[in-house]
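One structure is given here, and the rest of the page talks about it.
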Amino acid sequence: MTKGVEGDWVADVADRVAEAAERRQIIGPIVCASGVSPSGPIHLGNLRELMVPHLVADELRRRGLPARHLLSWDDYDRLRKIPIEVPPDFAKHIGRPLTNVPDPTGEYENWAEHFKVPFRVALQRLGVEVEEVSQTDAYRSGAYRVQILTAMQHRTAIYDILTQFRTKNVGADDDDQDETEDTGPYRATYSPYRPYCRACGRDLTHVTAYDDATTELTYHCDCGYHDVLRLDAVDHGKLVWKVDWPMRWAFEDVVFEAGGVDHSSPGSSFTVGEQIVGKVFGGDSPEYIQYSFVGTDGAAKMSGSRGSALTPSEALGIVEPSALRSLYCREPRKSFTVAFDEKICNLYEDWDRLVARVTQGTGDRRERAVYARSVATASAPLPQTPRVVSFRSLASVVDITGGDPVQLLRIVGELLDDPPPSSLDEVRPRLDCAAAWVNGYVPADERTQVRTEPDLAALPSLYPRELEAINLLLADLETDWDLNGLTNLVYGVPKRQLGLPVEVKGRDPELQAEQRAFFTLLYHLLVGRETGPRLPTLLLSLGPDRIRSLLDPPRT
RNA sequence: GCGCCGGUAGCUCAAUUGGCAGAGCAUUUGACUCUUAAUCAACAGGUUCCGGGUUCAAGUCCCGGCCGGCGCACCA
């Protein structure tokens, strides 16, 4: 057996899962399952639903144990609500399966696909390999027909299990004692199977009768339609969630699955499912761990149906895949946030520090584990930025150069040691992340905006002394066109105006005041603000022509 | 009502199977021709929420509280 990674929760869970697989005498690959409803943008919280089983499956594979990672798309779920940006007439689709609702943008074949596609791309970039199962396909093809009939046979038992956990009285208000004696009105007609109406396609249906002998199910729909289905022949509905989930455990022989806290509370789907899988489907419940929400910034939870939810694709636009993976290596029970604001710099610093410690051999066990799981999967390494420049620096450089490739290459060369980069590809993808972040997430008033036109209001009214300073600057602008030369030049101009030799150092108050005034003048004329990036860097990135056009425009 | 997570330096958080409580930012001091969240070095910073218990040893494990966050209760 190959050796896996040790020293973290993933290894512990993998131990448990491997033992369970052996105990259950599973032959063939160990199934780790994820389930996602593509009802809205699939956000960074949902990604944890994938990443936790992924890491476990990946650890099993590292140990040489075959593992499958299933992604069940809950795309046969009903459309529940429509986001504000969608045309209101989509309300008519509420109650229909997500795969039966058109994509509002018209881009993809249906509503579900619209959200699946970008998520798939993100998974691929993160090195997460899954086998997708569409619940729509599974239900419609009759794959679960036997399980549905089984559930209907045991519908009263299912009702009683559900009742056991109920704390809110719905039917008769007896006390909690005699659930099995419950004869409330719901028990007699309870159906764990919910048909989609064959007239209107929605699930506003009410099951009124079921005949065990013929498997004939009678329902009526709020649309006015009445109908009878034979469940052993017709596939036009699904099991309710709390039954559907354990059914899949049995159907797929799931050995590991993770769930959010909302599924893990008592009376919620997992605790209920644990009983149903055994009593109804004769299967085992999977090894299970719960995970907490992933937020952005301070928000502890993101709602999938709000516009503010940020997705893995959006995150991957600004965070390198390995750095993002490293976040999901944290204890699943602990919630964390992904920074889209300026804290993203800390995120990168933490990641760079971790990489440095591990590659220098000073990292501890846990750090080595996080590193190992972040930079590669059992099957392949993830792409890395070849030469590391701090994200903060890159963002700043992108900001002041406006992304100009020539300027970028030169300044990045200044930031790197030893051999200068031959191409910007050496700092990609991080450079692209920094650019995307600056352009997409930094508020306009925090960005450096170089004037596009010279300040014609200010230029003519400059004091002679200010004009002189600018002329001194422009006269020697290209004499030493590099960071050092420009540094000496900008600091030297005020010295020359004061009649001081340019070599003087030290802190003459008069000189300092003069320098400050000069800098402020330049900032006003170049970027229209009191301050800005370090002047030498700024000048370097603007280039002589641009500087001249802003400081010494051709008079007309 | 039930469940989960958290409470550690001024702030944000680390701390592996129990093993000398640690970083970043901020503060202070010094250096940098110095203006921007693109420097460097050093000093300082603690009753780990409270009360018990187990242990040679507890931030960590157990019991009981307090405070905060999130979730669940026949919706998927």
Side-chain angles (χ1 to χ4, degrees), chain A residues 6-9 11-12 35 37 39 74 76-80 158-171 182 184 186-187 190 192 194 203 238-245 260-272 290-293 295 298 300-301 330-337 342-343 345-346 349-350 353 363-370 389-397 399-400 411 414-415 446 448 487-488 490-492 494-495 500 502-508 511-512 515-516 518-520 522-523 527 529-538:
Chain A
E6 34 189 49
D8 63 353
W9 65 269
D12 295 343
S37 174
S39 57
D74 292 325
Y76 202 44
D77 286 1
R78 70 195 302 263
L79 177 70
R80 260 177 295 165
I158 290 171
Y159 177 84
D160 290 338
I161 291 171
L162 295 173
T163 300
Q164 215 182 309
F165 288 96
R166 127 182 127 195
T167 59
K168 208 190 279 175
N169 285 330
V170 169
D182 183 347
Y186 293 87
R187 189 170 189 254
Y190 176 76
R194 189 124 186 221
D203 73 340
K238 69 188 292 287
L239 294 171
V240 298
W241 162 245
K242 284 182 179 176
V243 182
D244 174 85
W245 201 18
V261 285
D262 51 340
H263 289 159
S264 317
S265 293
S268 187
S269 20
F270 184 76
T271 44
V272 169
Q290 69 168 266
Y291 57 83
S292 297
F293 290 111
K301 182 193 173 180
R330 296 185 182 183
E331 269 293 324
R333 301 240 173 176
K334 293 192 177 183
S335 59
F336 67 89
T337 60
E342 71 285 346
K343 289 196 200 71
C345 298
N346 299 338
E349 276 163 21
D350 288 348
R353 214 181 344 250
D364 61 28
R365 236 161 63 122
R366 203 183 47 84
E367 289 172 324
R368 289 199 300 274
V370 171
V389 179
S390 88
F391 184 84
R392 193 190 299 275
S393 303
L394 287 178
S396 174
V397 171
D399 185 32
I400 58 179
I411 299 175
E414 305 263 353
L415 293 168
E446 284 174 27
T448 301
T487 306
N488 289 329
V490 237
Y491 286 104
K495 291 178 194 168
L500 297 168
V502 290
E503 303 81 28
V504 289
K505 297 200 174 187
R507 28 180 69 209
D508 178 61
L511 173 59
Q512 287 194 312
Q515 287 174 333
R516 176 159 310 198
F518 180 50
F519 294 154
T520 309
L522 289 178
Y523 283 123
V527 299
R529 301 172 62 182
E530 288 283 318
T531 64
R534 283 171 183 272
L535 276 173
T537 322
L538 179 61

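The figures here come from the full heavy-atom set of this structure, side chains too, leaving out hydrogens, waters and symmetry mates. Below, chain A is the first sequence line, B the second, and so on; all start at residue 1.
- Nucleotide B:rG71 holds its C1' atom 13 Å from the OH atom of A:Y291, rounded to whole Å.
- As the counterpart of B:rA23, B:rU12 is assigned, both hydrogen-bonding distances of the Watson-Crick or G-U wobble pattern falling under 3.5 Å.
- Atom CD of A:Q290 is separated from atom CZ of A:R333 by 4.5 Å, given to the nearest 0.5 angstrom.
- Using C1' as the reference atom, B:rC72 and B:rA9 are 37 Å apart when rounded to the nearest Å.
- As rounded to the nearest Å, B:rG45 and B:rU12 have C1' atoms that lie 16 Å from one another.
- OP1 or OP2 of B:rA73 has at least one side-chain nitrogen or oxygen of A:K242 nearer than 4.0 Å.
- In this entry B:rA41 has B:rU29 as its Watson-Crick or G-U wobble partner, both defining distances falling under 3.5 Å.
- Atom CZ in A:R80 sits roughly 9 Å away from atom P in B:rA76 (whole-Å rounding).
- For the pair A:L79 CG and B:rA76 P, the computed distance is 15 Å after rounding to whole Å.
- Considering only side-chain atoms of A:K334, the nucleotide from B:rU35, B:rA76, B:rC5 that sits closest is B:rC5.
- The side chain of A:R333 places an N or O atom within less than 4.0 Å of a non-bridging phosphate oxygen (OP1 or OP2) of B:rC5.
- Rounded to the nearest Å, the gap between the C1' atom of B:rG51 and that of B:rC43 is 37 Å.
- Annotation: B:rG59 and B:rA21 have their C1' atoms spaced 8 Å apart (nearest Å).
- Atoms CZ and CG, on A:F293 and A:D262 in that order, are 4.5 Å from each other to the nearest 0.5 Å.
- Taking every side-chain heavy atom of A:S265 into account, B:rG3 is the closest of B:rC74, B:rA76, B:rG3.
- Mapped onto RNA chain B by nearest heavy atom, A:D12 and A:K238 fall at different nucleotides, with A:D12 at the one closer to the 5' end.
- A side chain to side chain contact (heavy atoms under 4.5 Å, CB included) with A:Y159 is found for exactly one of A:I161, A:T163, A:L162, namely A:T163.
- Summarising the geometry, the separation between CG on A:D74 and C1' on B:rC75 is reported as 14 Å, rounded to the nearest angstrom.
- The nearest whole Å value for the distance from the CD atom in A:E331 to the C1' atom in B:rU16 is 11 Å.
- Every side-chain hydrogen bond (donor to acceptor under 3.5 Å, both in side chains) that A:R78 has, sequence neighbours left out, goes to A:D203.
- B:rC50 sits 37 Å from B:rU39 when the P atoms are compared, rounded to a whole Å.
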Look for any protein N or O under 3.5 Å of an N or O in nucleotides 37-41 of chain B and output each such pair with its distance, or none.
unit_1 : atom_1 : unit_2 : atom_2 : d
B:rA37 : N3     : A:R392 : NH1    : 2.8
B:rA38 : N6     : A:T537 : OG1    : 2.5

query = Checking side-chain contact (heavy atoms from CB on, under 4.5 Å) for the pair A:W245/A:V272: CA distance, chi angles, key distance, verdict?
reply = CA-CA 10 Å; A:W245 201 18; A:V272 169; over 6 Å; no
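- The line from OH of A:Y76 to CG of A:D244 is 11.5 Å long, rounded to the nearest 0.5 Å.
- Here A:F270 pairs with A:W249, A:Y288 under the ring pair (Phe, Tyr, Trp, His ring centres under 6.0 Å) rule; sequence neighbours left out.
- Here the NE2 atom belonging to A:H263 is positioned 7.5 Å from the OH atom belonging to A:Y291, to the nearest 0.5 angstrom.
- One interatomic measurement links the two molecules: NE2 of A:H263 to C1' of B:rC4, which rounds to 15 Å at whole-angstrom precision.
- The pairing partner recorded for B:rU55 is none, the criterion being a Watson-Crick or G-U wobble arrangement whose two distances lie under 3.5 angstrom.
- Ranking B:rU33, B:rC4, B:rA76 by closeness to the A:Y491 side chain, first place goes to B:rU33.
- The interatomic distance linking A:D262 (CG) with B:rC75 (C1') rounds to 11 Å, in whole Å.
- B:rG64 sits 15 Å from B:rU54 when the C1' atoms are compared, rounded to a whole Å.
- In this structure, of B:rU33, B:rU35, B:rC4, it is B:rU33 that holds the atom nearest to the side chain of A:K495.
- To the nearest angstrom, P of B:rC34 lies 13 Å from OH of A:Y523.
- With B:rG71, B:rC74, B:rA76 as the candidates, the nucleotide lying closest to the side chain of A:W241 is B:rA76.
- For the pair A:T487 and A:D8, nearest-nucleotide mapping onto RNA chain B gives the more 5' position to A:D8.
- Nucleotide B:rU47 is matched to nothing when pairs are restricted to Watson-Crick or G-U wobble geometry with both distances under 3.5 angstrom.
- The P atoms of B:rA14 and B:rG7 are separated by 7 Å, rounded to the nearest whole Å.
- Annotation: side chain of A:L522 is in contact with side chain of A:V490 (closest heavy-atom distance under 4.5 Å).
- Rounded to the nearest Å, the gap between the P atom of B:rG18 and that of B:rA44 is 32 Å.
- Across all strands shown, B:rG69 is found opposite B:rC4 as a Watson-Crick or G-U wobble partner, with both distances under 3.5 Å.
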